[in-house]
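Just so it is clear, the values below take in all heavy atoms, side chains as well, and ignore hydrogens, waters and symmetry mates. This one's a predicted model, so the numbers in the text were calculated from it and none came from an experiment.
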Amino acid sequence: MKHWVKSLRQDHLDLTFRASGGLQVEIVERPGLWMSDQRLDRLTQALRDVASTTLDAGSLTYGVFSGDPARLKNTIVTLLRRRDGHPVAFNALALMDVDHGGAPERVLHLGLVMVDPGERSKGIAWILYGLTCILLLLRAGFRPLYISNVTQVPAVVGMVAETFSEVHPTPEATQLTDFRKLLLAREIMANHRYVFGVGDDATFNETSFVIENAYTGGSDDLKKSFDDAPKHRDATYNEFCARVLDYDRGDDVLQIGKIDLATIRSYLLRSVPKGSVAQVAALGLFVLVQRAVLPILHWFDTTKQSGPLRPA
């Protein structure tokens, strides 16, 4: 709790807490903007340690693995460690500022999730895939946030479709009915390929929302065959990926959706273990308090500039 209170005056999330099973969870928002060099180095090394347990060969060279602090200025990292401090899993979300039909829009890219093989199937998916997204929605005052996801893994395609709202494409909704999603997809592919390691030579199929030849921009070692890609418990997602993606070429599907109140409801009812609901509620309450109190603290802090205004 002391760590939470210390974070109250910050403009970013910086949370550490214990989850079920004794895992320590650390959520840090935009660490490249404020984190010390020493702590940033430890964080980056922890991410690389997790990656080394999941990749058979090679290494990742883009995003949070590049060693460039600038790549962490628009990243939100959720890191899980064992009791002994050894890192076992992480989720690296990316904040993308896009031009959406002439208006600025912030899109949360679901980014990269890696889990030590020894920790899989231990009930930690609810932390990695949804918790940070829900906290960000609370920070945004419940205003819906657009999300994007780039993957060739059927299990992830299904998770995104079942967790978030208005997702396109899905096995049930292959025809685009919202032109705004196409505008977002075009903007992402034009200006944010580096976020998910897709090279300039990849092409985007606007009809199927498939990125063709996607593994040439730094994410090369993530390319999988269909047989090796983790499957979803619902076979329709597996069949969907097998039908629309060319795994030999190295295709990805680009999904666009939203985080909204319906997402919170679905997350609490379907994803969070009953024994952890109170903990999630406590985290959410802290974030809401931070959002309400932080502007007041900034207003009365005469030592820092607040745009053109200063408190009396």
Side-chain angles (χ1 to χ4, degrees), residues 51 54-56 58-66 71 75 90-96 98 107-115 128-129 133 146-164 166-176 181-232 234 236-257:
T54 63
L55 298 176
D56 293 332
S59 61
L60 299 180
T61 59
Y62 76 100
V64 295
F65 302 106
S66 66
R71 295 300 189 195
T75 303
F90 73 85
N91 182 6
L93 305 173
L95 294 169
M96 301 186 299
V98 303
V107 177
L108 180 65
H109 183 69
L110 297 185
L112 185 62
V113 176
M114 287 192 169
V115 182
L128 291 173
Y129 286 104
C133 295
Y146 276 104
I147 62 97
S148 63
N149 178 56
V150 172
T151 188
Q152 63 175 182
V153 178
V156 176
V157 171
M159 179 279 300
V160 171
E162 293 179 352
T163 302
F164 300 97
E166 302 177 24
V167 175
H168 177 83
T170 65
E172 296 79 19
T174 57
Q175 297 298 314
L176 184 64
K181 290 188 175 67
L182 179 57
L183 293 179
L184 280 178
R186 287 174 175 173
E187 174 73 11
I188 290 170
M189 291 302 300
N191 298 308
H192 297 276
R193 292 177 180 229
Y194 66 89
V195 171
F196 38 89
V198 169
D200 293 336
D201 51 345
T203 58
F204 179 60
N205 187 319
E206 294 187 353
T207 301
S208 62
F209 268 50
V210 168
I211 305 172
E212 300 171 353
N213 188 32
Y215 292 86
T216 61
S219 61
D220 312 44
D221 290 307
L222 292 178
K223 182 179 177 181
K224 298 177 177 64
S225 67
F226 179 74
D227 291 336
D228 291 336
K231 305 303 188 292
H232 196 275
D234 185 342
T236 58
Y237 295 109
N238 307 330
E239 295 165 359
F240 169 74
C241 289
R243 183 174 69 254
V244 303
L245 299 179
D246 184 332
Y247 283 82
D248 292 332
R249 180 173 57 195
D251 290 356
D252 276 336
V253 61
L254 169 59
Q255 294 175 291
I256 305 288

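Partners of Asp234 according to the side chain to side chain donor-acceptor pair (under 3.5 Å) rule, which considers only residues two or more places apart in sequence or in another chain, are Thr236. With sequence neighbours left out, Lys181 forms a salt bridge (Lys or Arg N to Asp or Glu O under 4.0 Å) with Glu166, Asp178. For Tyr237, the ring-ring contact (aromatic ring centres under 6.0 Å, His included) partners are His232, not counting sequence neighbours. Under the ring-ring contact (aromatic ring centres under 6.0 Å, His included) criterion, Phe209 pairs with His168, Phe204, not counting sequence neighbours. Thr151 meets the side chain to side chain donor-acceptor pair (under 3.5 Å) test with no other residue; sequence neighbours excluded. Tyr215 pairs by the ring-ring contact (aromatic ring centres under 6.0 Å, His included) definition with nothing, not counting sequence neighbours.
Exactly one residue among Leu108, Thr75, Val107 makes a side-chain contact (heavy atoms from CB on, under 4.5 Å) with Leu95. That residue is Leu108.
Contact between Ala202 and Asn213 at its shortest, heavy atoms only, is CB-O, 3.3 Å. Closest approach of Pro154 and Cys241 over heavy atoms only: CA-SG, 3.7 Å. Looking at every heavy atom in both residues, Val153 comes nearest to Pro230 through CG1-O, 3.4 Å. Across every non-hydrogen atom of Asp201 and Arg193, the tightest pair is N-NH1, 4.5 Å. The shortest heavy-atom contact between Leu245 and Asp252 is CD2-C, 3.7 Å.
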Apply the test side-chain contact (heavy atoms from CB on, under 4.5 Å) to residues Val167 and Asn149: give CA-CA distance (whole Å), side-chain angles for both, the deciding distance (0.1 Å), then the verdict. CA-CA 10 Å; Val167 175; Asn149 178 56; over 6 Å; no

Exercise. Would you please test Val160 and Ile147 for side-chain contact (heavy atoms from CB on, under 4.5 Å) and show each step?
Key: CA-CA 10 Å; Val160 171; Ile147 62 97; 4.1 Å; yes

- Message: The test is side-chain contact (heavy atoms from CB on, under 4.5 Å); show your working for Val98 and Asn191 and say whether it passes.
- Response: CA-CA 8 Å; Val98 303; Asn191 298 308; over 6 Å; no

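Atom CG in Asp248 sits 7.0 Å away from atom NZ in Lys223 (nearest 0.5 Å). The line from CG of Leu182 to CG of Leu176 is 6.0 Å long, rounded to the nearest 0.5 Å. Annotation: the span from Arg186 atom CZ to Glu206 atom CD amounts to 4.0 Å, rounded to 0.5 Å. Here CG of Leu128 is found 11.0 Å from SG of Cys133. Values are rounded to the nearest 0.5 Å.
No donor-acceptor pair under 3.5 Å is formed between the side chain of Asp246 and the backbone N or O of Asp251. In this structure, Gln152 contributes its side chain and Lys224 its backbone to a donor-acceptor pair below 3.5 Å.
Leu110 places none of its side-chain heavy atoms less than 4.5 Å from the side chain of Val156. The shortest side-chain heavy-atom distance between Phe196 and Ser148 does not fall under the 4.5 Å cut-off. Looking at Met189 and Val150, their side chains never come closer than 4.5 Å, going by heavy atoms from C-beta outward. Looking only at side-chain heavy atoms (C-beta outward), Asn205 and Val244 stay at 4.5 Å or farther from each other.
Around atom CD of Gln175, no more than 12 heavy atoms belonging to other residues, nucleotides or ligands sit under 6.0 Å away.
In this pair, Phe226 and Tyr247 present their aromatic rings perpendicular. The plane angle is above 60°, beyond the 30 to 60° band.
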